[in-house]
Amino acid sequence: MEIKVRGFIYHKAKESYNDCNDRYKANFKTNRFAISDGVSSSFLSGIWAELLVDEFTTQAGHINTNQPLSLHKIQHQWAEEVDKLANKDGQKWFVKKFQKGRRSAAATFAGLHFYYEDRTPYWDAIALGDTFLFYIPSTADQSGENKKELFHYDSLPLKDGFIFNDFPKYLDSISKEPQGVYCSSLRNTLNPGTFLLMTDALAEWFISNDTKALKQLKKWTSQEIFVKEITKLRARKNINNDDYSLVIIELLDDGKEKFNYIETNITDLSQTTEPKKQKTQKKSHNKQSTTSLSIEDTIKKMKF
Amino acid sequence: MNTANTEYTTQWSTATPGYIIFLIDQSRSMKKKFSYDESRAKFSARAINSSIENLLISNTPGDTIKDRVFISVIGYGGEGGNSVANIHSGFISEYADIPTSFENHTEWFVNEQGKTESVTSEIPVFIEPVARGNTPIADALLFAKQLIEAWIEKRQDSPAPVIINVTDGVPFSGPNSKKAEIERTINVSKEIMRLKSSDGSPLIFNVHIEKDSGQILFPVNKEELHENEMAQILYQTSSSVPNVYFPIAEQFGFKLRTHAKGFIANASPDNLIRFIKFGSSR
């Protein structure tokens, strides 16, 4: 089976790649793919999301649905990163407090695995939270012209009735158990078609626009195009302002009994990262202000 | 997203920051005891300090703070008479530099085995407890209104601003003007609630504190006010809680009904803390 893989990532408006807490990874040896969205209101969630996708994609063999990720091991690695950060010279009070108070990271997750068994190709997948996996078989009507039979696709979690909100299920960097139950789809025969792994904002847009969105996605062949198209969608308010990650996996039948990756174009976040902005030195407030700010002064601080 | 009901759905972000205004009653009656040995002023100040710290936490993904929210803390009556003071105003990252002290606060609770346990935490001090003058809520709201108008004018795409008012009494600016002051407070509140941003009108949530009186929480109609004077005022000066806030309310233990008014009258210490955290979450 011939496989083409593309992966793109972009950050929230007015933020940078340094601020992006989405992660994805493809491992062509284990035939595993993973995507994770670090919850931005949690602590060091980008690192946590990275550990999750690394852990999943390096595992070999079938997905263990009871324990698809060795949480204990990667939680320890995450805690080491927290200690490193908190113990930096001159570290701020709140970071030390987070360490002492055992503030955790949260991330949603989806993982996909291809494998052969008895010369037949299969796929397994697992997901938790509002990070989605979609599968569109090549036989599906993707034109959108036949109103009665719009293109059919499977999703994990199930898209029908799914409610996007601020409280997705997630994997926590401290808690022993996932905060929610994984949903899984196992031992599906692998047929030519397209898999899409995407984080919540893109998934919500994709579900609302199905065939139209699929047509657009097919044209996203480079990171530059992805950034341009997301920026347009965001400007038109067709998509929520968020971090965006997308992995597109196209499968073509070449009659052979092995996976052959004929094209890979995956944006590496660490290469895309922009230089950190130099912060201007802020005036330190050593004392609680005793002078009431005027309305005019307050408006100036609103940084218009 | 272009869906039918998009009100109050804009998320806080650095591109579209939120705006929260804490109005805090610093009138002389705030000296009264509220919880154990603590005065209303001390307890309220700590509840707001703790909420600001929570905002700081939720906007700090690593060792840098994201300016996803602008906060104004406005005290009324604290400088005597009918004073209104803008104690602090700034983006959340500015607040990280403010605390010069940390207050040790111990909370006691009964664990699953039925034993009493305590947890001591350090809460940064952003505002100090003050109890001095009158209760000029209308003037404080007028001040807030001007800030909100400026904010909305320049940040039309940002989430709707939220005012959280903590008070222990009816609006009062002098012995001869009680009725007029109440009317003025209601009128200014309505003016604020009529302002428009693309995300919706500004929201006003009120919490009135009083020890050992029957609490009225998020009522849906006037029959639930039991002719309580303060509740009657709060009913007219509070916004209806948008549905998108319901799951947040549930997180803080409040079960809201459709058309619930965003206020508590005679709030207990515990409900004061939960209400402030609920109102400042998004």
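Within every chain, numbering begins at 1; the chains are lettered A, B, ... in the order of the sequence lines, protein sequences first and strands thereafter.
Applying the ring-ring contact (aromatic ring centres under 6.0 Å, His included) test to residues at least two apart or on different chains, the pairs with a partner in residues 54-78 of chain B are B/Tyr19-B/Phe70, B/Phe70-B/Phe91, B/Phe70-B/Trp151.
Put simply, OG on A/Ser40 and CD on B/Gln11 are 8.0 Å apart, with the number rounded to the nearest 0.5 Å. The CD atom of B/Gln146 sits 7.5 Å away from the CD1 atom of A/Ile299 when rounded to the nearest 0.5 Å. One distance of note links NZ of A/Lys301 with NE2 of B/His88; it measures 8.5 Å at 0.5 Å rounding. Atom NZ of A/Lys14 and atom OG1 of B/Thr14 lie 8.0 Å apart (nearest 0.5 Å). Atom-to-atom distance recorded for B/Thr9:OG1 and A/Asn240:CG is 7.5 Å, nearest 0.5 angstrom.
A pairwise comparison of heavy atoms in A/Met302 and B/Arg155 identifies O-NH2, 3.0 Å as the closest pair. For B/Thr60 against A/Arg103, the heavy-atom pair with the smallest separation is O-NH1, 3.0 Å.
For a residue to count as touching a neighbouring chain, one of its non-hydrogen atoms must lie under 4.5 Å from one of that chain's; by this rule B/Ser72 touches chain A with the side chain only. Interface residue A/Leu85: only side-chain heavy atoms are found under 4.5 Å from chain B. Neither the backbone nor the side chain of B/Val244 comes within less than 4.5 Å of any heavy atom in chain A.
More than 12 heavy atoms of other shown residues, nucleotides or ligands fall within 6.0 angstrom of atom NZ in A/Lys232. B/His105 NE2: more than 12 foreign heavy atoms inside a 6.0 Å radius. Counted within 6.0 Å of CD on A/Glu177, heavy atoms from surrounding residues, nucleotides or ligands total 12 or fewer; the atom is thus considered open.
Exactly one residue among A/Lys97, A/Lys92, A/Lys88 makes a salt bridge (charged side-chain N to carboxylate O under 4.0 Å, His left out) with B/Asp63. That residue is A/Lys88.
Comparing A/Ile295, A/Leu44, A/Asn21 by heavy-atom pairs within less than 4.5 Å of chain B, the highest count is held by A/Ile295. In terms of non-hydrogen atom pairs under 4.5 Å with chain B, the most contact-rich of A/Thr298, A/Asp242, A/Asn165, A/Val95 is A/Thr298.
Checking side-chain atoms of A/Lys12 against main-chain N and O of B/Ser13 turns up no donor-acceptor pair under 3.5 Å.
Ring-plane geometry between A/Trp93 and B/Phe102 is classed as perpendicular, the angle between the planes exceeding 60 degrees on a 0 to 90 degree scale with a lower cut at 30.
Residues B/Ile57 and A/Phe94 fail the side-chain proximity criterion, which asks for heavy atoms closer than 4.5 Å.
Scored by the side chain to side chain donor-acceptor pair (under 3.5 Å) test, B/Glu117 finds B/Asn111 as partners (sequence neighbours excluded).
With salt bridges taken as basic N to acidic carboxylate O contacts below 4.0 Å, one links B/Lys66 and A/Asp19. No salt bridge links A/Lys96 with B/Glu122; every basic N to acidic carboxylate O contact stays at or beyond 4.0 Å.
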